[in-house]
Chemist: 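The structure is given below, and queries will be raised subsequently.
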Amino acid sequence: HVQLVESGGDLVRPGGSLRLSCAGANGMYCMGWYRQAPGKEREAVASISPPIVTAWYAEPVKGRFTISHDSVEKTLYLQLNNIRSEDAATYYCARSVYYWGQGTQVTVS
């Protein structure tokens, strides 16, 4: 049974930082962060793929967000820096774009 649990979403001011966590992330699979803003489609934000552990970032977040994985804690992270109003969304982690967490909300105000 695969269970992914996101946390870390919060209300943040523009320019601020947050770190999102996704517990239950087995590092043997491609893991990614996605987000969905109200009225918009879900979009990919960042992903990380074993075994070389290459990272991919969507263009709007390059240079501001960092995806990482702790293999001991089995936790996937997304560090959000220099947050913008357009980053406000519910953020989801996913394993192989098949198993999904319940989401954690990032509000920018």
Side-chain angles (χ1 to χ4, degrees):
H1 177 66
V2 177
Q3 186 174 13
L4 302 173
V5 181
E6 301 96 333
S7 61
D10 204 346
L11 170 65
V12 62
R13 292 182 181 274
S17 296
L18 281 177
R19 189 176 78 158
L20 307 183
S21 300
C22 173
N26 187 325
M28 297 297 293
Y29 301 89
C30 178
M31 299 292 305
W33 285 97
Y34 299 76
R35 67 186 181 186
Q36 187 167 20
K40 294 188 177 181
E41 293 188 355
R42 188 172 298 188
E43 61 178 355
V45 175
S47 66
I48 191 166
S49 302
I52 304 175
V53 195
T54 55
W56 171 88
Y57 296 95
E59 198 63 37
V61 308
K62 279 184 180 178
R64 300 188 299 120
F65 291 9
T66 303
I67 188 171
S68 62
H69 180 260
D70 185 322
S71 58
V72 174
E73 297 293 330
K74 294 185 178 180
T75 300
L76 184 72
Y77 297 102
L78 186 68
Q79 177 70 38
L80 290 66
N81 294 329
N82 191 19
I83 293 173
R84 303 170 180 170
S85 58
E86 55 264 37
D87 296 323
T90 299
Y91 284 71
Y92 302 87
C93 69
R95 191 185 95 174
S96 304
V97 203
Y98 185 78
Y99 296 99
W100 294 84
Q102 84 290 346
T104 186
Q105 187 157 358
V106 174
T107 303
V108 184
S109 179

Chemist: Please report the interatomic distance CG(N26) to OG(S96), rounded to the nearest 0.5 Å.
Modeler: 9.5 Å
Chemist: Using side-chain heavy atoms (C-beta onward) and a distance below 4.5 Å, is W33 in contact with L76?
Modeler: yes
Chemist: With side chain to side chain contact (heavy atoms under 4.5 Å, CB included) as the criterion, how do V12 and L80 come out once you've worked through the C-alpha distance, each side chain's angles and the decisive distance to 0.1 Å?
Modeler: CA-CA 11 Å; V12 62; L80 290 66; over 6 Å; no
Chemist: Between T104 and G9, is there a donor-acceptor pair closer than 3.5 Å when you use the side chain of the first and the backbone of the second?
Modeler: yes
Chemist: So I67 and W56, side chain to side chain contact (heavy atoms under 4.5 Å, CB included) or not? Walk me through it.
Modeler: CA-CA 9 Å; I67 188 171; W56 171 88; over 6 Å; no
Chemist: Look at the side chain of H69 and the backbone N and O of K74, then say whether any donor-acceptor pair between them is shorter than 3.5 Å.
Modeler: no
Chemist: Assess the residue pair D10 and T107 against the criterion (side chain to side chain contact (heavy atoms under 4.5 Å, CB included)); give the C-alpha distance rounded to whole Å, side-chain angles, the decisive distance to 0.1 Å, and a yes or no.
Modeler: CA-CA 6 Å; D10 204 346; T107 303; over 6 Å; no
Chemist: If the plane angle is over 60° it's perpendicular, under 30° parallel, otherwise tilted; pick one for Y92 and W100.
Modeler: perpendicular
Chemist: Are Q79 and S17 close enough that some pair of their side-chain heavy atoms sits under 4.5 Å apart?
Modeler: yes
Chemist: Are V2 and M31 connected in the hydrophobic side-chain network, where two residues link if heavy atoms are under 4.5 Å apart?
Modeler: yes
Chemist: With heavy-atom distances below 4.5 Å as the criterion, would you say the side chains of I48 and T54 are in contact?
Modeler: no
Chemist: To the closest 0.5 Å, what do you measure between SG (C22) and CD (E6)?
Modeler: 5.0 Å
Chemist: Decide whether D70 and T75 meet the rule of one side-chain donor and one side-chain acceptor closer than 3.5 Å.
Modeler: no
Chemist: Stepwise, does the side chain to side chain contact (heavy atoms under 4.5 Å, CB included) test hold for V45 with L78?
Modeler: CA-CA 9 Å; V45 175; L78 186 68; 4.2 Å; yes
Chemist: Check the side chains of Y91 and R35 for a donor-acceptor pair under 3.5 angstrom, ignoring hydrogens and angles.
Modeler: yes
Chemist: Can any side-chain N or O of E43 pair as donor or acceptor with the backbone N or O of Y34 at less than 3.5 Å?
Modeler: no
